[in-house]
Amino acid sequence: MLLVTVITGEIALAIQVPARVRVDVNMVVVRISVTDPLNRYVIGLEEEHFRVFERKIEQEIIHFSNDRSPVSVGIILDISGSMDDDIANARHSVVRFLEKGNKLDEYFLITFNDQTKMAYDFTSRRENLQSVISIANTRGRTALYDGVYLGLEKIREAVHDKKALIVITDGEDNQSRYTYNEVKEFAKESDVQIYAIGERGKLGYGTGLITEITRLTGGRPFFPTNLKQLDYFVDLIHTELRNQYVIGYEPNDHKPDGKWRRIKVLLQPPDGLPTLRVRSRKGYYAPTAFQE
């Protein structure tokens, strides 16, 4: 009998079904989040409920699991002058996220204003990041794209397979050396989920750009009316990272052509469940003949 679990915050309303694990060295790995109409995470689904397509051709799933493994997280924090009224809330929310973490998780911290800075390198000692965050001062303009680009570079050094970037900002980019298209292309090449929390009233056209890049990677954008609501959204991100499915498949097309291959995951849930929403990364670049 299938037992489906709905996650509300950190409380499971039923017991998760153990997952069957199969591994193949050539497989494409896709992490999937499933939510119900109330934005609660749904676990307990099985392999038979998922279908995956690459370039509109259905692929055979050769690996399926529920992923509660440790995570490598890069926190990218806006400390520009416009964040002056919100920096205390941002500090508190980041510390809250760290305190909820697994002791095996690892983190790094990037801050950005006129310049982008690796404020603290990868560490599993959460208290080290907390100390750095507590003294972050606000000033200057907003090099948002540079901050994300540096995060994408750094996350390549991650220990864990599950990787995420969390961006906290209150405004649009007005200082970066990198362009939005350069950041977007880099994100397409990276196996990392990007989450962003941005203040709706200050972002303007940036809302659409942030939405596009986060959804491309299988992450999510959040746009509260003010950053006093940060804790709620940080908790949502934490819960999502702890309650995901992983499917793997070996592509039917083995050509090492280096081209972008679009992925689509469909869900066929058991009877009796409401309409569920599925999120995953949108594709990947195939290897080239010159890659080892």
Side-chain angles (χ1 to χ4, degrees), residues 2-21 29-47 49-50 63-76 92-109 122-127 129-130 151 155 158-168 190-197 214-215 217-222 229-248 265 267 269 273 276-281:
L2 174 70
L3 185 57
V4 175
T5 303
V6 177
I7 301 294
T8 307
E10 291 301 302
I11 302 174
L13 304 183
I15 299 173
Q16 181 179 342
V17 177
R20 175 167 55 89
V21 177
V29 175
V30 185
R31 302 183 190 281
I32 304 166
S33 299
V34 181
T35 51
D36 72 2
L38 298 179
N39 209 30
R40 299 176 300 186
Y41 296 98
V42 178
I43 60 175
L45 298 170
E46 296 183 345
E47 179 180 327
H49 300 119
F50 293 90
H63 168 87
F64 176 81
S65 65
N66 296 123
D67 187 4
R68 296 184 65 86
S69 60
V71 61
S72 298
V73 178
I75 297 167
I76 304 174
H92 180 272
S93 294
V94 171
V95 170
R96 180 185 178 94
F97 179 86
L98 295 172
E99 289 176 343
K100 286 176 171 284
N102 183 317
K103 65 180 181 180
L104 297 179
D105 294 340
E106 61 172 2
Y107 312 91
F108 65 83
L109 173 67
F122 270 120
T123 181
S124 295
R125 296 178 63 86
R126 292 170 287 186
E127 62 273 17
L129 265 69
Q130 293 171 6
I155 202 70
V159 170
H160 304 304
D161 290 335
K162 188 194 296 188
K163 299 179 283 289
L165 298 178
I166 301 173
V167 184
I168 299 175
S190 306
D191 182 16
V192 59
Q193 293 172 277
I194 301 177
Y195 297 86
I197 308 173
T214 54
R215 291 183 176 171
T217 67
R220 299 179 70 182
F222 301 99
Q229 305 169 46
L230 267 175
D231 282 358
Y232 172 75
F233 296 102
V234 165
D235 286 354
L236 276 180
I237 295 169
H238 178 268
T239 304
E240 175 160 325
L241 289 173
R242 301 301 173 191
N243 297 283
Q244 293 180 320
Y245 298 92
V246 177
I247 60 176
V265 178
L267 181 65
L273 290 181
L276 302 178
R277 184 178 181 184
V278 179
R279 288 193 314 282
S280 66
R281 62 172 169 150

Distance-only, no hydrogens or angles: does the [X] side chain make a donor-acceptor pair with backbone N or O of [Y] under 3.5 Å?
X	Y	answer
K100	D235	no
K162	R31	no
E240	S33	no
Y245	V30	no
T214	G219	no

Quick test of your reading of the model: are D105 and R242 salt-bridged, counting only N-O distances below 4.0 Å?
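Salt bridge flag = yes for R242 with D105.
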
Return the minimal non-hydrogen interatomic distance between [X] and [Y], and the atom names on each side.
X	Y	result
L98	Q130	CD1-CG, 3.9 Å
A164	Y195	CB-CE1, 4.2 Å
R125	T123	N-OG1, 3.0 Å
S93	D231	OG-OD1, 2.6 Å
R279	T35	NH1-OG1, 3.9 Å
P70	L104	CG-CB, 3.7 Å

Just jot down the side-chain hydrogen bond (donor to acceptor under 3.5 Å, both in side chains) partners of Q229, sequence neighbours excluded, or say none.
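If we apply the side-chain hydrogen bond (donor to acceptor under 3.5 Å, both in side chains) test to Q229, skipping adjacent residues, the hits are T225.
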
Verify side-chain contact (heavy atoms from CB on, under 4.5 Å) between I237 and R220, making sure each step is shown before the conclusion.
CA-CA 8 Å; I237 295 169; R220 299 179 70 182; over 6 Å; no

Close side-chain approach of [X] to [Y], heavy-atom, < 4.5 Å:
X	Y	value
L230	H92	no
V29	D67	no
D191	R281	yes
R277	V34	no

Run the side-chain hydrogen bond (donor to acceptor under 3.5 Å, both in side chains) check on E106 and S72 step by step: do they pass?
CA-CA 5 Å; E106 61 172 2; S72 298; 2.6 Å; yes

Measure the spacing between [atom1] of [X] and [atom2] of [Y] and express it to the nearest 0.5 Å.
X	Y	atom1	atom2	result
I32	L267	CD1	CG	8.5 Å
F108	I75	CZ	CD1	9.0 Å
E47	S65	CD	OG	10.5 Å
K163	D161	NZ	CG	6.0 Å
I247	F50	CD1	CZ	7.0 Å
I155	H160	CD1	NE2	10.0 Å

Report the C-alpha separation of I168 and F97 in whole Å, then their side-chain angles, then the decisive distance to 0.1 Å, and conclude whether the side-chain contact (heavy atoms from CB on, under 4.5 Å) test is met.
CA-CA 12 Å; I168 299 175; F97 179 86; over 6 Å; no

Classify the angle between the aromatic ring planes of F222 and F233 as parallel (below 30°), tilted (30 to 60°) or perpendicular (above 60°).
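Tilted.
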
Who are the salt bridge (charged side-chain N to carboxylate O under 4.0 Å, His left out) partners of R126, not counting sequence neighbours?
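Scan of R126 (salt bridge (charged side-chain N to carboxylate O under 4.0 Å, His left out), adjacent residues dropped) gives none.
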
Pair T217, Q193: side-chain N/O donor-acceptor within cut-off below 3.5 Å
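Short answer, no.
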
